[in-house]
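The chains referred to below are lettered A, B, ... by the order of the sequence lines, with proteins before strands, and numbering in each begins at 1.
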Amino acid sequence: AQSVTQPDIHITVSEGASLELRCNYSYGATPYLFWYVQSPGQGLQLLLKYFSGDTLVQGIKGFEAEFKRSQSSFNLRKPSVHWSDAAEYFCAVGRDDKIIFGKGTRLHILP
Amino acid sequence: DGGITQSPKYLFRKEGQNVTLSCEQNLNHDAMYWYRQDPGQGLRLIYYSQIVNDFQKGDIAEGYSVSREKKESFPLTVTSAQKNPTAFYLCASSRVGSGANVLTFGAGSRLTVL
């Protein structure tokens with residue numbers, strides 16, 4: 001069955017520290033991979049996507065993600081977080097007409 | 001600017017009432033989607049449509065209905081048959097074919113059943 005797992009429900013990091021949010025998936029073929037961010041009470045905004053090619057993809061707001069086929073992972077990273085990065089982050093996988101979302105990781109930033 | 005407009009942003013409903021959530025897009029996207037979001041549950045697909053006058057059930061369609069009479073509009077009706085309708089509802093759209101699956105989301109509608 002197709003699934004997306006974000007193992008961390010909450011993550012807290014200090015402002016200026018590095019960040020890695022984990023995402024693992026189960027999918028029959030090579031899926032399209034996405035990371036979205038959601039501020040409280042708002043819709044989701046696309047941070048970055050992977051369709052094919054270079055496995056390290058750059059996104060908006062200084063985020064990047066690396067696709068590792070052998071580990072079925074697509075982890076999101078940022079070298080130095082800012083207080084404005086506090087939000088909920090969703091990993092999503094799929095192709096064609098169906099996208100599956102993970103349950104999200106809420107990021108808290110300590111001043 | 002192009003985007004997706006959801007209305008109302010907040011809606012209160014008494015048990016037994018049907019309510020309709022509006023979703024309009026001016027992105028010229030062919031595909032539109034409705035998701036339900038509950039705390040800690042991520043997004044679950046209710047219905048989606050890839051073309052006018054056609055739509056498919058998602059994972060949690062029971063108690064919901066949709067229509068797609070115009071390309072720009074994809075309203076969602078939460079019926080009295082939906083046992084636990086209090087949630088945050090998100091509408092999204094995308095192209096089909098090349099570039100498909102990149103979803104653009106509206107700001108959401110929060111439904112509370114009293």
Side-chain angles (χ1 to χ4, degrees), chain A residues 1-11 21-27 29-53 57 59-60 65 74 87-108, chain B residues 3-10 21 23-25 27 29-51 54-61 87-112:
Chain A
Q2 301 163 358
S3 66
V4 181
T5 301
Q6 294 182 246
D8 303 305
I9 299 174
H10 294 273
I11 281 188
L21 302 182
R22 297 182 289 165
C23 174
N24 293 95
Y25 66 88
S26 172
Y27 202 85
T30 300
Y32 297 154
L33 300 160
F34 310 85
W35 275 99
Y36 286 85
V37 62
Q38 184 182 34
S39 298
Q42 297 297 314
L44 278 69
Q45 180 185 20
L46 180 70
L47 281 176
L48 47 78
K49 62 185 184 290
Y50 173 79
F51 285 176
S52 64
V57 294
I60 62 171
F74 189 56
E88 190 156 21
Y89 292 80
F90 293 92
C91 180
V93 304
R95 55 191 307 148
D96 301 323
D97 58 1
K98 191 169 184 181
I99 303 295
I100 304 169
F101 285 83
K103 294 187 176 182
T105 297
R106 184 167 294 279
L107 175 64
H108 306 271
Chain B
I4 297 180
T5 301
Q6 290 188 240
S7 63
K9 189 168 179 63
Y10 299 96
L21 307 180
C23 178
E24 302 278 334
Q25 55 101 357
L27 299 166
H29 285 170
D30 288 299
M32 297 187 73
Y33 310 79
W34 275 105
Y35 287 90
R36 171 179 171 142
Q37 186 178 20
D38 297 281
Q41 295 298 313
L43 276 68
R44 292 181 289 171
L45 183 64
I46 305 172
Y47 270 99
Y48 64 100
S49 167
Q50 291 191 300
I51 194 169
D54 187 47
F55 47 83
Q56 287 76 42
K57 293 182 179 180
D59 300 316
I60 57 165
F88 191 56
Y89 291 88
L90 287 161
C91 179
S93 69
S94 75
R95 293 185 291 174
V96 296
S98 175
N101 306 141
V102 177
L103 300 174
T104 300
F105 283 87
S109 293
R110 184 169 298 280
L111 172 61
T112 303

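Using a 4.5 Å cut-off between heavy atoms, Asp38(B) makes no contact with chain A at all. Proximity to chain B (any heavy atom under 4.5 Å) is shown, for Ile9(A), by neither the backbone nor the side chain. In this structure, chain A has heavy atoms under 4.5 Å from both the backbone and the side chain of Leu43(B). Within the 4.5 angstrom heavy-atom criterion, no atom of Gln45(A) approaches chain B. Heavy atoms closer than 4.5 Å to chain A are found in both the backbone and the side chain of Ala107(B).
Atoms OH and CD1, on Tyr33(B) and Ile99(A) in that order, are 6.5 Å from each other to the nearest 0.5 Å. Here Gln37(B) contributes atom CD and Phe90(A) contributes atom CZ; the two are 4.5 Å apart, rounded to the nearest 0.5 Å. Rounding to the nearest 0.5 Å gives a distance of 5.0 Å between NZ of Lys9(B) and CD of Gln42(A).
Chain B forms the most heavy-atom pairs under 4.5 Å with one residue out of Gly104(A), Ser39(A), Gly41(A), Gly102(A), and that residue is Gly41(A).
Inter-residue side-chain proximity for Leu45(B) and Phe101(A) is flagged as unmet; no heavy-atom pair is nearer than 4.5 Å.
A donor-acceptor pair under 3.5 Å links the side-chain atoms of Tyr36(A) to the main chain of Leu103(B), judged by distance alone.
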